[in-house]
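Any value given below was found using the heavy atoms of this structure, including those in side chains, with hydrogens, waters and symmetry copies removed. The sequence lines fix the lettering, A, B, ..., with proteins before strands; numbering per chain opens at 1.
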Amino acid sequence: MSKGITSKSEDYSQWYNEIVIKADLAEHSSVKGCMVIKPYGYSIWEKMQAVLDHKFKETGHSNAYFPLFIPKSYFSKEASHVDGFATECAVVTHYRLKNDGTGNIIVDEEAKLEEELIVRPTSETIIWNTYKGWIQSYRDLPLLINQWANVVRWEMRTRLFLRTTEFLWQEGHTAHATAEEAIEETEKMLDVYADFAENWMGVPVVKGKKTETERFAGALDTYCIEALMQDGKALQAGTSHFLGQNFAKAFDVKFTSKEGKQEYVWASSWGVSTRLMGALIMAHSDDSGLVLPPKLAPIQVVIVPIHKGDEELQKISAFVDELIPSLKGFGISVKYDDRDSQRPGFKFAEYELKGVPIRLAIGARDMENGTVELARRDTKEKLTVPQEGLAEYIFQMLAQIQQNIYDRALKFRDEHITEANSYEEFKDLLETKTGFIAAHWDGTAETEKRIKEETKATIRCIPLNNKLEDGVCILTGKPSKQRVLFAKAY
RNA sequence: CGGGGUGUAGCGUAGCCCGGUAUCGCGCCACAUUUGGGAUGUGGAGGUCGUAGGUUCGAAUCCUGCCACCCCGACCA
């Protein structure tokens, strides 16, 4: 491993890539566009999953699992849905290989599938096809299902965690008797995502609705949480869709209401993916590497002994052996790195790169003084702290770090929401300041498209609970009732 | 998928223009000395030069196809 990483001010995307690789989160696989999530990176994803899964269950959802393959015909039943995904689908056409006689393995043309199978880019179709058999009466509703799965979208260009051909996610698919209930569900899950992003990942988000152009293929409304990265670009961190009766109609899912009438079911779907890993990395990290919020850090505290000779090490280890259980008593995950093969300075740099929130260094000097050296990853401060009451001190410090990371990101985000009142100002802000730009828009897809073509900025969302104010569209000068958030996005 | 760039040991590289089987650093292994911010010394291992062809007595080097990655576009969670 070479020393140091490219600074983010020098080359942001290289900085990002180097953190992913050098912090041992993931690497490129030999399959185009697909990555290997390495154990350290996967353990962060597992923590995310655990928290989200708990939240889903708390809000009444159950997990299930649906097939990876979707018959092509299902896929095309909802017209706008197929339009949205048709250009990025992996298609299975055969089910067998054979030896061509010269030692090469080739596709057996005789084993052609009668109907091609699509590798799911999302599961609305197979799930609604299944729901048809599950829902007959209003008593079967609401149906609140989540699935943890991999999906495939054949993207032109990929980036580690942010956009890979195959990615991991969860997708919730719910069925309701009324539109109101389905909308309530859609909004509730958006709140779950926002709560997770802010209180666990330490990433402030704007909750909003997508414009028609940016809406999910097949949805009546797409809600989203938008986060801001340190380079001033926005990242869509999660989406929650109100699907109306589109899929129920496409798959003929009806129920008998209390009044005995046949009605189509109302639907929502919502998802977050391993892209959250990208958001986590880009929101907090610095030129020394990853900075992890304590609540999602696989290792919250690392202890590095500093010693001359075995005798000193034994004394330190004896202290650490007592410290570890008391830390664990506070629910703190801790690693004691007493490897003799690396010197302390190396370990310091390594754990900084990996984003471990707190590092303790304990040497002979500390053992004499009854102290430890505590280093915070978020501020890089070093403090000398008494050994007495250390576990509780660390417990509180972790909470402080969690808060500080969030506050810092929030300050950055808030400083990067700027109002623009003319197209000139808008373009200037995009070039110089970046971030979210709050501007009036005439509500038309044409204007949105032209702004995108001319500036590369898109409407990230129309914030929920947006302040209403009279204004004029920055491009067309037509009247507008509220500002929307524009940004260049990932 | 279009334009540009890159591909040599686990990583980063020199050599390529002017063909003669490969340089250096980090890392790795052994031993010793070390250990409060990425240790030092000595010895050692590790390469079908991305891949498949072609030209040539001979290819990392010249030519062609393919693959992968990076940057910029279009597409997108």
Practice task
Measure distances between side-chain N and O atoms of Lys382(A) and base N and O atoms of G37(B), and say whether any donor-acceptor pair falls under 3.5 Å.
Solution key: yes
Handout entry: Atom-pair distance (OH on Tyr490(A); P on C72(B)), nearest Å
Key = 9 Å
Exercise for the section: Give, for atom CG of Leu398(A) and atom CD1 of Ile358(A), the distance between the pair rounded to the nearest 0.5 Å. Expected result: 4.0 Å
Handout entry: Base-pairing mate for C11(B) - Watson-Crick or G-U, with both contacts under 3.5 Å
Key = G25(B)
Practice task
Mark yes or no for a side-chain to base donor-acceptor pair under 3.5 Å between Arg157(A) and G2(B), with no hydrogen or angle criteria applied.
Solution key: no
Fill in the blank from the handout: Closest to the 5' end of RNA chain B, once Phe167(A) and Pro305(A) are matched to their nearest nucleotides, is Pro305(A)
Handout entry: For C31(B), the Watson-Crick or wobble partner whose two distances fall under 3.5 Å
Key = G41(B)
Practice task
Describe the nucleic acid contact of Ala237(A) in one word from base, sugar-phosphate, nothing, applying a heavy-atom distance below 4.0 Å.
Solution key: nothing
Exercise for the section: Determine: side-chain N/O of Ser13(A) to OP1/OP2 of C70(B), distance under 4.0 Å, yes or no. Expected result: no
Exercise for the section: Remember a base hit wins even if backbone is also touched, and classify Thr122(A) as base, sugar-phosphate or nothing at under 4.0 Å, heavy atoms. Expected result: nothing
Exercise for the section: Could you give the distance separating C11(B) and G2(B) at their P atoms, to the nearest angstrom? Expected result: 29 Å
Practice task
Using only heavy-atom distances, decide whether a donor-acceptor pair under 3.5 angstrom links the side-chain of Glu352(A) to the base of G37(B).
Solution key: yes
Completion exercise
Contacts of Phe216(A) meeting ring-ring contact (aromatic ring centres under 6.0 Å, His included) (sequence neighbours excluded), chain-then-number -> His81(A), Phe85(A), His241(A)
Problem - Sugar-phosphate only, base, or nothing, as touched by Leu235(A) at under 4.0 Å among non-hydrogen atoms - result: nothing
Problem - Nucleotide G38(B), atom P - distance to CG of Asp287(A) in whole Å - result: 19 Å
Problem - Any donor-acceptor pair under 3.5 Å from Lys8(A) side chain to Ser285(A) backbone - result: yes
Problem - Contact list for residues 362-373 of chain A, test side-chain hydrogen bond (donor to acceptor under 3.5 Å, both in side chains), sequence neighbours left out - result: Asp366(A)-Thr371(A)
Exercise for the section: Calculate the interatomic distance between His28(A) atom NE2 and C70(B) atom C1'; express it in whole Å. Expected result: 9 Å
Practice task
Scan Ser273(A) against the nucleic acid and name what it touches under 4.0 Å (heavy atoms): base, sugar-phosphate only, or nothing.
Solution key: base
Practice task
Specify the separation, in whole Å, of atom CD of Glu350(A) and atom P of G27(B).
Solution key: 13 Å
Exercise for the section: Considering only NZ, NE, NH1 and NH2 on the basic side and carboxylate oxygens on the acidic side, decide whether Arg377(A) and Asp286(A) come within less than 4.0 Å. Expected result: yes
Practice task
Answer with base, sugar-phosphate or nothing: what part of the nucleic acid does Glu155(A) contact at a heavy-atom distance below 4.0 Å?
Solution key: base
Handout entry: Minimum-distance nucleotide (side-chain atoms of Lys456(A) versus G36(B), C75(B), G73(B))
Key = G73(B)
Exercise for the section: Scan Arg339(A) against the nucleic acid and name what it touches under 4.0 Å (heavy atoms): base, sugar-phosphate only, or nothing. Expected result: nothing
Exercise for the section: Name the nucleic acid region contacted by Gly33(A), choosing base, sugar-phosphate or nothing; use a 4.0 angstrom heavy-atom cut-off, strictly under. Expected result: sugar-phosphate
Practice task
Might you confirm whether atom NZ of Lys315(A) has over 12 heavy atoms from other residues, nucleotides or ligands at distances under 6.0 Å?
Solution key: no
Practice task
Report which part of the nucleic acid Lys380(A) touches: base, sugar-phosphate, or nothing (heavy-atom distance under 4.0 Å, all strands).
Solution key: nothing
Exercise for the section: Could you tell me whether Thr164(A) contacts a base, only the sugar-phosphate backbone, or nothing, with contacts defined as non-hydrogen atoms closer than 4.0 Å? Expected result: base
Fill in the blank from the handout: Across every strand shown, the nucleotide meeting Watson-Crick or G-U wobble geometry with C66(B) (both distances under 3.5 Å) is G50(B)
